[in-house]
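Would you mind keeping the following structure in view while I ask a few things?
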Amino acid sequence: DRHLPELRVYNIGFRVAADYLYGAPLKNGKVKWNVRRREHQPDFPDYPQYVFQDFVKLWDEGNYWSRTEERSFSSLVQDGERDLDDKGHARIVAKDEDKDEAGPQDLLIEATVTDSRGEGVTASKAIVMHRSSVYLGLHPGEFVQATNAPFNVQAIALSPDGKRKMVGDAELTVSYVRWDCEDFGPCKRNKEEPVIRRQVSIPETGAAVEKLEVKLPGVYQLRLSAKDGRGGTAVASDTIYVIGKGEAFWSGNEGERMTVVASKPKYKTGEVAKLIPQANLPGALSLVTLERDGVMQYKVKRLETSGEALEIPVEARYAPNVYVAVALVRGRTGPGEKGQPTFRAGLVNLDVDTGDRRLRVSVDTDSPSYRPGDPVTATVKVENSDGKPVKAEMALAVADEGVLQIAGYKTPDPLPKFYAPYGLGVESSTTWNRLAKVLSPSDTDPDEGEGGDAGGEEAGRVRNRFMATAYWNPALVTGADGTAKVTFTAPDNLTAFRVMAVAADTGERFGSGEKRFAINKPLQAMPALPRFLTIGDALAAKVMIHNNTKDPVKATVTALVEGAAKLTGEPSQPVDVPAGGAK
């Protein structure tokens with residue numbers, strides 16, 4: 001539910017709806033629920049390059065994970081238990097009375113539904129509780145700029161639902177970071193000196209703050225702020241690095257390990273990556289190597305000042321990533337320890353976009369549901385990233401959705417497997433310092449598994465074709481129009497099935513797609529019995545009758561007991577089942 005952020009007590013309303021996989025509602029089941037809270041990280045998918053937080057402040061407070069990692073710390077708001085209604089629904093309202101939390105929060109809702117047979121399933125959802133009516137977005141284009149060269153900063157204002165807004169009075173500040181450095185110790189940040197202040201009017205279309213220009217190389221902080229309309233201030237901030245002739249103090253790190261900053265988080269083929277080695281070594285000779293499982297390329301360049309950058313043209317063969325190692329060497333500059341020969345080494349991983357290698361795979365069936373034994377026709381279409389049809393080969397599987405859910409199985413996406421990030425297979429060493437090993441990033445795949453069958457019986461025909469996999473074709477090839485069709489018989493499992501297609505073309509492109517369909521019957525019986533009995537036990541044998549038609553049904557349930565057990569009471573029982581209901 002939407003709420004009023006100016007209130008101190010929040011009502012968090014949500015609805016739980018439970019259905020069997022074959023389509024019938026879960027009537028009169030039970031639901032256990034809980035609501036938790038964590039700090040929200042603003043993220044607007046339509047604006048991936050913008051920052052919507054005060055990143056400079058977060059970093060100053062030691063939250064170095066704030067840009068890329070999810071906030072994982074949460075606290076309980078409220079929990080409870082209640083019954084579902086005859087439609088399988090429950091309306092729940094939780095109260096959040098914590099008055100001390102500031103800023104936007106994520107509300108994590110989890111519900112576990114249990115049917116009359118004791119089987120349960122859990123679902124969760126995250127929603128955002130906004131404390132402000134506006135978010136400011138800041139985009140400097142690239143993290144690396146140049147002295148005496150005008151650059152632009154893009155500014156936008158968004159409502160919490162991602163719609164553009166107008167802000168008439170915002171301020172953009174560009175501040176130069178100054179450092180205090182000792183002869184034999186690390187440099188420490190002294191202060192931020194504002195060098196540019198601009199009053200900015202942000203229309204709904206966004207604004208470009210143009211002709212920003214600075215004179216000195218070094219670290220600068222960008223800060224965009226405005227009143228949020230509720231007595232607070234909306235702030236977005238970020239850091240840029242300015243290169244040019246002259247000396248710059250980058251990170252203040254005077255150890256042998258050196259930070260290398262890339263101008264962008266991800267590059268496309270044909271772009272130029274600008275790299276800043278953050279070391280105060282004017283006149284140093286640089287050795288730049290592109291590395292993965294070996295040295296792919298290298299060059300040597302002298303850096304006349306510490307404000308210069310290294311440029312790396314991004315080639316297609318660098319995808320999905322390449323490591324750039326930079327070693328700086330400077331000879332003796334004077335007598336004593338301060339003027340002795342100096343060495344610095346750093347490494348940065350350049351992420352190269354592989355989006356142009358992805359195939360778009362769409363799957364469709366001729367009907368959303370079928371009866372056991374009906375023919376099913378599935379159509380698969382494959383296109384490239386530009387939307388043009390592609391002749392491709394694929395593996396097509398149709399599997400029981402219930403089994404897939406038990407196993408936690410996701411439709412495979414081959415692209416991350418074929419373009420998994422490379423680990424670093426190169427070690428660099430020097431006689432000037434100890435060997436510095438860089439840990440290679442690891443990519444752990446989630447476990448994948450398989451499950452078993454499910455089934456039951458129906459009047460008139462005994463269902464015996466129970467299959468976890470209804471169809472399998474490991475080498476289905478599309479036509480020149482990028483499409484392929486298959487036909488198979490729906491099995492007797494009364495459940496949902498997932499059609500999964502995993503495709504590859506003759507080159508280096510991959511993709512996957514999926515579609516779910518249901519198999520059900522007009523009248524279904526689902527027994528609820530214990531898994532085992534011992535001598536002397538007595539039980540009430542239960543069976544749930546589902547009427548999936550639009551008319552009421554009078555059914556007769558008959559029990560047959562064989563072996564060491566005996567039946568007490570009547571062997572048959574009439575049941576009146578309402579239309580679309582269960583009893």
Side-chain angles (χ1 to χ4, degrees), residues 49 51 55-56 59 64 67-68 139-151 153 174-179 181 186-187 189 192 195 212-222 237-267 271-291 297-314 318 321-330 342-352 428 436 438:
Q49 299 297 330
V51 297
F55 275 131
V56 172
W59 275 59
Y64 303 110
R67 184 183 293 272
T68 58
H139 175 32
E142 290 193 357
F143 297 130
V144 178
Q145 302 292 342
T147 58
N148 302 310
F151 63 93
V153 172
V174 182
S175 300
Y176 178 65
V177 180
R178 291 193 175 275
W179 305 83
C181 296
C187 296
R189 193 175 70 183
E192 295 79 41
V195 295
L212 299 171
E213 186 175 331
V214 297
K215 305 297 184 183
L216 299 176
V219 179
Y220 287 80
Q221 294 175 353
L222 308 178
S237 67
D238 210 348
T239 300
I240 63 171
Y241 305 89
V242 179
I243 59 177
K245 297 295 183 181
E247 303 310 323
F249 289 94
W250 295 115
S251 63
N253 180 11
E254 294 301 307
E256 285 84 4
R257 293 176 181 264
M258 171 182 64
T259 300
V260 180
V261 177
S263 57
K264 296 175 67 176
K266 179 176 283 190
Y267 296 90
E271 293 183 336
V272 176
K274 297 177 181 177
L275 309 181
I276 292 180
Q278 292 188 331
N280 307 316
L281 293 178
L285 192 65
S286 68
L287 171 63
V288 183
T289 56
L290 276 65
E291 306 171 355
Q297 185 177 332
Y298 74 93
K299 68 176 181 179
V300 177
K301 179 183 178 181
R302 184 170 298 280
L303 302 179
E304 299 298 335
T305 67
S306 60
E308 294 183 42
L310 301 167
E311 295 187 351
I312 306 295
V314 179
Y318 297 162
N321 70 310
V322 66
Y323 296 88
V324 182
V326 181
L328 299 182
V329 178
R330 188 179 67 181
T342 308
F343 172 84
R344 299 284 186 275
L347 183 77
V348 63
N349 183 16
L350 300 187
D351 192 0
V352 181
S428 300
V438 181

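Residue numbers run from 1 in the order of the sequence given. We use all heavy atoms of the structure for the numbers below, so side chains are in, but hydrogens, waters and symmetry mates are not.
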Say whether, by atom type as modelled, one donor and one acceptor occur between the side chain of S175 and the main chain of E192 under 3.5 angstrom.
no

Side-chain contact, heavy-atom cut-off 4.5 Å: Y267 with I312?
no

Any side-chain heavy atom of P217 within less than 4.5 Å of one from T305?
no

Heavy-atom closest pair (I276 atom, A309 atom, distance to 0.1 Å) is CG1-CB, 4.3 Å

Under the ring pair (Phe, Tyr, Trp, His ring centres under 6.0 Å) test, residues paired with Y220 that sit two or more places apart
Y176

Residue pair P265 / F143, side-chain heavy-atom distance below 4.5 Å
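Of all side-chain heavy-atom pairs linking F143 with P265, at least one is under 4.5 Å.
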
Can you give me the closest heavy-atom contact between L303 and E308, atom names plus distance?
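Shortest heavy-atom contact: C-OE2, 3.7 Å.
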
Not counting sequence neighbours, which residues clear side-chain contact (heavy atoms from CB on, under 4.5 Å) with K266? List them please.
D351, D353

Going through the distances and angles, do V260 and V324 end up as a side-chain contact (heavy atoms from CB on, under 4.5 Å)?
CA-CA 9 Å; V260 180; V324 182; 5.9 Å; no

Considering all heavy atoms, the nearest V242-L216 contact:
CG1-O, 3.9 Å

Flag the pair V326 / M258 as yes when at least one side-chain heavy-atom distance between them is below 4.5 Å, and no otherwise.
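Yes - at least one pair of side-chain heavy atoms lies under 4.5 Å apart.
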
Are any of the side-chain heavy atoms of N321 and V352 separated by less than 4.5 Å?
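They are not in side-chain contact.
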
Is it true that a side-chain atom of T342 and a backbone atom of R330 form a donor plus acceptor pair closer than 3.5 Å?
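No: the side chain of T342 does not pair with the backbone of R330.
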
Which atoms form the tightest heavy-atom contact between L281 and R344, and what is the distance?
CD1-CG, 3.4 Å

Over all atoms of both residues, closest heavy-atom pair of P150 and E213
CG-OE1, 3.6 Å

T239 vs F55 side-chain heavy atoms within contact, under 4.5 Å
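No - every pair of side-chain heavy atoms lies 4.5 Å or more apart.
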
Strictly distance-based, threshold 3.5 Å: is any side-chain N or O of Q145 a donor or acceptor partner for the main-chain N or O of P140?
yes

Partners meeting side chain to side chain donor-acceptor pair (under 3.5 Å) with E271 (sequence neighbours left out)
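Partners of E271 by the side chain to side chain donor-acceptor pair (under 3.5 Å) criterion, ordered by chain and then number, come out as K264.
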
Please name all residues satisfying salt bridge (Lys or Arg N to Asp or Glu O under 4.0 Å) with K274, sequence neighbours left out, ordered by chain then number.
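Once residues adjacent in sequence are excluded, K274 has no partner under the salt bridge (Lys or Arg N to Asp or Glu O under 4.0 Å) criterion.
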
Would you mind reporting whether V219 and Y241 have side-chain heavy atoms less than 4.5 Å apart?
yes

Can you see which heavy atom on A262 is nearest to which on L350, and at what distance?
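What the structure gives for the nearest pair is CB-CD2, 3.9 Å.
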
For Q297, which residues count as a side-chain contact (heavy atoms from CB on, under 4.5 Å) partner, sequence neighbours excluded?
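Applying side-chain contact (heavy atoms from CB on, under 4.5 Å) to Q297 gives L290, E315, R317, Y318.
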
Which residues satisfy the side chain to side chain donor-acceptor pair (under 3.5 Å) test with T289, sequence neighbours excluded?
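Checked T289 against side chain to side chain donor-acceptor pair (under 3.5 Å); matches are E291.
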
